[in-house]
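First the structure, in the form of structure tokens, and then the observations on it.
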Amino acid sequence: MTRITGLPRQIRRDLNWQRQALCVEADPEIFFPVGSNDTSEADERRAKDVCEVCEVRARCFQWAVNHRIPEGIWGGFTARERRELADRLKNRR
Ligand code: SF4
């Protein structure tokens, strides 16, 4: 388990879910596939497979949307997928 120290309490609370992040045990490169080719598609699929069984997936997704993270796979979605999903959810309200 990762310890988050040296940060103000509010920020620590905001990042607490990351202690349960399954991706800390995976190759970080797969969460940031580059380009559009067989290798990047395989990396994306592998990253999404990890996210699929991660207990904090929903919080991870929300955090990435709230902070407008422009790259990488968070919560099982690419940046483009997160933007599209967030827009769809916003339009439903
Ligand atoms: S949902 Fe995916 S990116 Fe987010 S913490 Fe879990 S494994 Fe990591």
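Hydrogens, waters and symmetry mates play no part in the numbers below; they use all other heavy atoms, side chains included. Here the structure is a predicted model, which is why all the values come from computation and not from measurement.
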Under the ring-ring contact (aromatic ring centres under 6.0 Å, His included) rule, collect the residues that match up with F31, sequence neighbours excluded.
->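 F31 satisfies ring-ring contact (aromatic ring centres under 6.0 Å, His included) with no other residue.
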If you group Ile, Leu, Val, Met, Phe, Trp and Tyr by side-chain heavy-atom gaps below 4.5 Å, do I69 and F77 land in one group?
->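 Each belongs to a different hydrophobic cluster.
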Heavy-atom pair with the smallest gap, counting every atom of [X] and [Y]:
X	Y	value
L22	V50	CD2-O, 3.8 Å
A79	P70	CB-O, 3.3 Å
S40	V34	CB-O, 3.3 Å
C54	A21	SG-CA, 4.3 Å

Would you find more than 12 non-hydrogen atoms of other residues, nucleotides or ligands less than 6.0 Å from E84 atom CD?
->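 Atom CD in E84 is packed in, count exceeds 12.
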Do other residues, nucleotides or ligands put more than 12 heavy atoms under 6.0 Å from the CG atom of N66?
->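 Buried by this count: over 12 neighbours within 6.0 Å.
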Which distance, rounded to the nearest 0.5 Å, do you find between the CG of L85 and the CZ of F61?
->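 Result: 4.0 Å between the selected atoms.
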Could you tell me the separation between the CG atom of D43 and the CG atom of N37, rounded to the nearest 0.5 Å?
->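 If I round to the nearest 0.5 Å, the distance is 8.5 Å.
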Is there side-chain contact between P33 and E41, with heavy atoms separated by less than 4.5 Å?
->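 In short, these two side chains do not touch, never coming nearer than 4.5 Å.
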Do R59 and Q18 have side chains that get closer than 4.5 Å, going by heavy atoms?
->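 A side-chain contact under 4.5 Å is absent here.
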Look at the rings of W63 and W74 and say which category their plane angle falls in: under 30° parallel, 30 to 60° tilted, over 60° perpendicular.
->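 W63 vs W74 ring planes: parallel.
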Do NZ/NE/NH1/NH2 and the carboxylate oxygens of [X] and [Y] come within less than 4.0 Å?
X	Y	answer
R45	D49	yes
E29	R46	no
K48	E44	yes

Kindly indicate, with the supporting measurements, whether the criterion side chain to side chain contact (heavy atoms under 4.5 Å, CB included) is fulfilled by R68 and R83.
-> CA-CA 9 Å; R68 299 172 200 251; R83 279 193 302 275; over 6 Å; no
Backbone N/O of V65 and side chain of R82: donor-acceptor pair under 3.5 Å |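 Flag not set: sc R82 to bb V65 has no pair under 3.5 Å.
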